[in-house]
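Have a look at the structure below before the remarks.
Proteins come first, then strands; the chains are lettered A, B, ... in the order of their sequence lines, and each starts at number 1. If you're wondering where the values come from, they're calculated on a predicted model, not measured in any experiment. When reading the values below, keep in mind they use all heavy atoms of this one structure, side chains included, and skip hydrogens, waters and symmetry mates.
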Amino acid sequence: MNFDRITEKLSILADAAKYDVSCASSGSKRNNKDKGLGNATGMGICHSYTEDGRCVSLLKILLTNVCIFDCAYCVTRKSNDVKRAAFTVQEVVDLTINFYRRNYIEGLFLSSGIFKNADTTMERLVQVAKKLRLEENFNGYIHLKSIPGASDELMREAGLYADRLSVNLELPTEEGLKLLAPDKNRQDMIDPMNFVKNEILVYKDEKKRFKKTPKFAPGGQSTQMIIGATPETDLQIIHTANHFYKNFNLKRVYYSGYVPVTNDSRLPSLQSQVPMLRENRLYQADWLMRFYGFKADEILDPKQPFLELDVDPKLGWALRNLQFFPVNIQNADIEMILRIPGVGLKSAWKIIGGRKFSKLNAEHLKKMGVALNRAKHFIVFGNSLQNIQTLHHQYLKEIILKTVNSKYEKHYQPQLALF
Amino acid sequence: MYLLTYDHSVEGFFSAVFEAYERKLTNVMIRKEGLPLGLFSEGLRRVSTNPRKAERVYVKLKALMGELGIQKIIYSLLTEEEYCERYIFDVIKYAIKHPKINVMQDMSHPSVLQLAKYTKSVHREKHRMEAFVRFKLTCDNIFFAEIEPDFNVLPIIAKHFKSRYQDQKWLIFDQTRSYGIFYDLYKLEIIQMKFNRQSNRDEGLEMLKKDEPLYQSLWRTYYSQTNIRSRKNTRLHLLHVPKRYWKYLTEKIPEY
C-alpha cells in the first residue's frame with residue numbers, strides 16, 4: 001500500500017462523507033461464522049467521539065467525491081472547486097479490515113458521489129461489500145448508501161451483503177428538493193426504498209419456512225433530511241418522518257442541521273449558525289413518536305407549526321394539555337406515566353416495578369432517575385391531594401424554566417432570528 | 001458484630017455467604033481481606049474459599065433471582081468498592097427471606113437500588129472498554145492492548161472479544177490490576193505478569209509490526225477529518241470520552 005496516497009484519499013473522502021449523520025451499528029443479527037472476523041450482534045458500539053460530540057462507530061467514507069450532480073447544499077456538488085479523489089475497491093476493503101482488527105470501528109459506512117450513472121456507482125459499492133463478506137469472511141457491520149435510481153437487481157444484491165441500506169431524502173419536501181437539487185427527483189429515492197422494504201418482508205417470511213434463507217438487510221433502512229436549508233416547518237418535517245416510518249418501516253429518520261458550505265442565494269448565508277437546538281428538538285419529537293406513544297399531530301398542530309425552543313416537546317405537550325394532569329404515580333397506566341415530563345423510558349418501568357412493593361414518594365422517584373424539577377408539577381403520590389389546575393399555564397412554564405439550566409440557552413436568540 | 005473476610009474473589013464471597021448461614025450468624029458483616037478492620041465485638045474469621053459451598057449459594061440465588069439477579073451481584077462485586085458487600089448481602093438476605101417474590105424488582109428498597117446503581121456503573125465501564133480497547137499489532141503477530149478500567153471488567157469483556165476476533169491472536173492487559181487475557185486462536189487464558197509500560201516510545205516501537213504506526217496514523221487522519229469544526233461541542237465530547245481514557249486511545253495520542 002502507498003500510505004501517503006491513501007492518507008490523502010482518506011483525508012478527502014472522510015471529510016466529504018461526514019455530513020451524513022447516521023453512524024448506527026446496532027440492530028443487526030450477524031454472528032461470526034467459521035472462525036472469521038467480526039460480528040454485528042445487537043448493541044452498537046461507539047468506538048470514539050469527535051470533538052463535536054458525535055459517535056464514531058463506522059468507517060464513514062465516500063468511494064469517490066466525483067459527482068455529476070449539482071445539489072446546492074452539498075460540498076461534493078459538480079460546480080464546487082474541491083479536490084477530487086477515488087478509492088479502489090481493494091483499498092476500501094484493506095482499510096476496513098485493518099481498522100476493524102484494531103477495534104477502531106464496528107464496520108463500514110460506504111457512500112459515494114454519483115459518477116457516470118446510478119447503476120455504475122451502486123455496482124461499485126456492492127462490490128466492496130461482496131468482497132468483504134465473501135473473500136475476507138468479514139461479519140462486521142456494513143451500511144451501504146442506496147443510490148437513487150439504482151436498479152432492483154443491484155439493490156437485491158446490496159441487501160444480501162449489507163446490514164443496513166439508506167437513501168437520503170435530502171430535504172423534507174419535494175418543493176425543497178426541486179429548489180436545491182434540480183438533478184434529483186423524489187421518486188428515484190422512493191423506488192429503491194420501496195423495493196428494499198418489500199424484499200425485507202419477503203426474506204423475513206421465507207425465513208419462517210426455510211431456516212437457510214440468507215439475511216437481507218437485517219439492520220433495516222434509514223434516511224436523513226437536511227434541516228434549515230429550506231423554509232419547511234417542524235410540522236412538515238415531523239409529518240414527513242411519520243409518513244416514512246409508517247409506510248416504509250424505517251428504523252431511523254435522521255435530522256441533519258444544515259452546515260453552511262457554500263454561498264448561494266437559495267441557501268442561508270455562510271455566517272449562519274448550524275441549527276443545533278432545532279435539530280435536538282426534532283430528535284426529541286422523533287423519540288416521542290417512536291418510544292413514548294405520541295402521535296405526530298399531538299406533538300404539533302397547524303396553529304403552532306414549530307417546536308418550542310425553550311422547552312422540550314414533551315413538556316410543551318403537557319403544558320398545553322394540563323387537563324390530563326396530575327398523574328397518580330401509584331396507579332396510572334404506563335401510557336400516562338410515559339407522558340409525564342421528566343420521566344424517561346427506564347424510570348417509567350422502574351416506577352411500574354417499584355410501586356408493586358411500596359407506596360412511592362418523591363425520594364424514590366429521585367433515586368430512580370426522574371427529573372423531579374419538571375415532574376413534580378405533574379404528579380401526585382398515592383392519595384395525596386394537589387391540584388395544579390390552579391396554576392396558570394404561562395406561570396407554570398416560567399416556574400419550571402427557572403429550575404432548569406439549559407446548555408442551549410445561548411442558542412435561543414440566533415436560532416429564532418434565522419428566518 | 002461478627003466479621004467474615006474473604007479473598008476478593010466471587011467464589012470467596014459466596015463461600016462467606018454460605019458460612020454466615022451455616023453458622024446462623026445474625027449480626028454479621030462480610031468484607032474483603034487486607035482492609036483496615038473496624039469495630040467488631042463478636043468475632044473475626046477468615047473464610048477459605050470453597051468451590052463446593054460457593055456453587056450451592058450460586059444455585060440457590062439463581063433459583064431465587066434468576067440469571068439477571070446473579071449478574072447484578074457479580075457486577076456489584078466487580079466494583080471492588082470497600083463496602084459493596086454490605087448492600088449485596090442485604091439483598092441476599094431479603095431474597096432468602098421472601099422466596100416468593102423477585103426482590104430485584106423492588107426499586108423502593110435502598111440496597112436493591114444500590115445494586116442497580118453498581119450494575120449500571122460496571123455495565124457502562126464494560127461497554128466503554130469494548131469500545132476503547134485499541135489493539136496494536138506486534139511483530140509476533142499478536143494484537144495487543146492495554147487498559148486501566150475503573151472497575152475489574154476484564155473477566156466480563158473477554159467473551160465479547162472472543163466472539164468477535166476469532167482469527168487473530170490478541171492480548172488485553174489490565175495495567176491497574178496487573179493481569180491480562182490472552183486468546184491463542186483456540187481458548188482464553190489468564191496471564192499474570194509484571195511488565196512496565198514502555199517508558200521510552202522508541203523501545204515500544206521496536207516491538208511493533210512495520211505497518212502498525214502507519215495504520216495508527218491513518219486512523220488519526222480519519223478521526224480528525226470526520227470532525228465538523230462548526231459543530232464543536234467540547235462538553236459533550238468530554239462527557240463521552242473522559243480524559244482518563246485518552247492515555248490508550250490511538251486517536252488521542254499525538255503522531256510519532
Side-chain angles (χ1 to χ4, degrees), chain A residues 1 3 6-7 10-15 17-19 31-32 34-39 41 43 45-57 59-61 95 98-99 101-104 137 139-140 257 259-260 273-274 276 350-351 353-361 364 367-368 407, chain B residues 101-110 112-114 116-117 127 130-137 143 145 160-168 170 185 211-212 214-219 221-241 249-252:
Chain A
M1 259 220 253
F3 276 91
I6 297 285
T7 303
L10 181 61
S11 184
I12 294 168
L13 296 169
D15 185 68
K18 69 188 175 191
Y19 300 102
N31 285 311
N32 187 306
D34 305 330
K35 279 201 116 174
L37 174 63
N39 58 359
T41 49
M43 251 207 295
I45 298 177
C46 295
H47 284 272
S48 195
Y49 290 83
T50 52
E51 279 164 24
D52 55 36
R54 290 174 314 139
C55 158
V56 181
S57 177
L59 170 61
K60 195 193 303 185
I61 48 175
L95 269 179
N98 277 291
F99 279 8
R101 287 197 182 283
R102 288 167 176 77
N103 206 41
Y104 298 163
N137 193 7
N139 307 290
V259 180
Q273 288 210 5
V274 183
M276 278 158 62
K350 280 185 186 157
I351 289 171
R355 71 186 185 184
K356 289 183 203 141
F357 296 88
S358 49
K359 193 171 158 288
L360 299 179
N361 57 38
H364 290 134
K367 286 199 173 137
M368 290 172 182
K407 55 185 182 274
Chain B
I101 56 174
N102 188 351
V103 298
M104 280 300 187
Q105 280 178 358
D106 182 5
M107 288 300 163
S108 62
H109 189 287
V112 173
L113 200 63
Q114 184 60 41
K117 276 191 185 146
H127 193 66
E130 286 167 359
F132 294 162
V133 157
R134 292 287 179 270
F135 287 119
K136 297 170 188 169
L137 184 57
F143 284 85
H160 167 83
F161 287 98
K162 188 180 175 222
S163 55
R164 169 162 297 199
Y165 298 111
Q166 299 193 16
D167 67 344
Q168 67 190 47
W170 51 262
L185 296 180
D211 280 355
E212 179 55 32
L214 299 170
Y215 279 110
Q216 291 183 20
S217 164
L218 282 172
W219 174 239
T221 301
Y222 175 71
Y223 179 73
S224 79
Q225 286 303 99
T226 198
N227 180 37
I228 300 177
R229 271 171 209 94
S230 51
R231 295 186 59 120
K232 189 177 165 82
N233 188 344
T234 309
R235 188 181 153 274
L236 187 60
H237 175 64
L238 291 177
L239 191 75
H240 287 309
V241 198
L249 286 176
T250 313
E251 63 272 25
K252 287 291 182 191

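- Aromatic ring orientation, B/Trp219 versus B/Tyr223: tilted (interplanar angle from 30° to 60°).
- With respect to chain A, the highest number of heavy-atom pairs below 4.5 Å among B/Met107, B/Arg134, B/Lys232 belongs to B/Arg134.
- The candidate with the highest count of non-hydrogen atom pairs below 4.5 Å against chain A, out of B/Leu236, B/Val241, B/Asp167, is B/Asp167.
- Contacts of A/Ile61 with chain B are made by side-chain atoms alone, with heavy-atom separations under 4.5 Å and no backbone atom involved.
- For a residue to count as touching a neighbouring chain, one of its non-hydrogen atoms must lie under 4.5 Å from one of that chain's; by this rule A/Ile351 does not touch chain B.
- Among all heavy-atom pairs drawn from B/Ser108 and A/Leu360, the shortest one is CB-CD2, 4.3 Å.
- Interface remark: B/Glu130 contributes backbone and side-chain atoms alike to the contact with chain A (heavy atom separation under 4.5 Å).
- Take B/Asp211 and apply the salt bridge (charged side-chain N to carboxylate O under 4.0 Å, His left out) test, not counting sequence neighbours, and it matches no residue.
- Both the backbone and the side chain of B/Tyr215 have a heavy atom closer than 4.5 Å to some heavy atom of chain A.
- Residues forming a salt bridge (charged side-chain N to carboxylate O under 4.0 Å, His left out) with A/Arg355 (at least two apart in sequence, or on another chain): none.
- In terms of non-hydrogen atom pairs under 4.5 Å with chain A, the most contact-rich of B/Leu113, B/Leu185, B/Thr234, B/Ile101 is B/Leu113.
- For B/Leu238, no part lies under 4.5 angstrom from a heavy atom of chain A.
- For the set A/Asn98, A/Asp15, A/Leu10, A/Asn139, the entry with the most heavy-atom pairs within less than 4.5 Å of chain B is A/Asn98.
- Enclosure of atom NZ in B/Lys252 by more than 12 non-hydrogen atoms of other residues, nucleotides or ligands within 6.0 angstrom is indicated.
- Interface residue B/Thr250: only side-chain heavy atoms are found under 4.5 Å from chain A.
- By number of non-hydrogen pairs under 4.5 angstrom with chain B, the leading residue of A/Asn32, A/Asp52, A/Thr7 is A/Asp52.
- Both the backbone and the side chain of B/Ile228 come within contact range of chain A, judged by heavy atoms closer than 4.5 Å.
- Ranked by heavy-atom pairs under 4.5 Å with chain A, the list B/Ala145, B/Ala116, B/Ser163 is led by B/Ser163.
- A donor-acceptor pair is defined here as one N or O able to donate and one able to accept, closer than 3.5 Å; such a pair exists between the side chain of A/Ser57 and the backbone of A/Ile45.
- Interface remark: A/Phe99 contributes side-chain atoms only to the contact with chain B (heavy atom separation under 4.5 Å).
- Taking A/Lys350, A/Lys18, A/Arg102 one by one and counting their heavy-atom pairs under 4.5 Å with chain B, the maximum is reached by A/Arg102.
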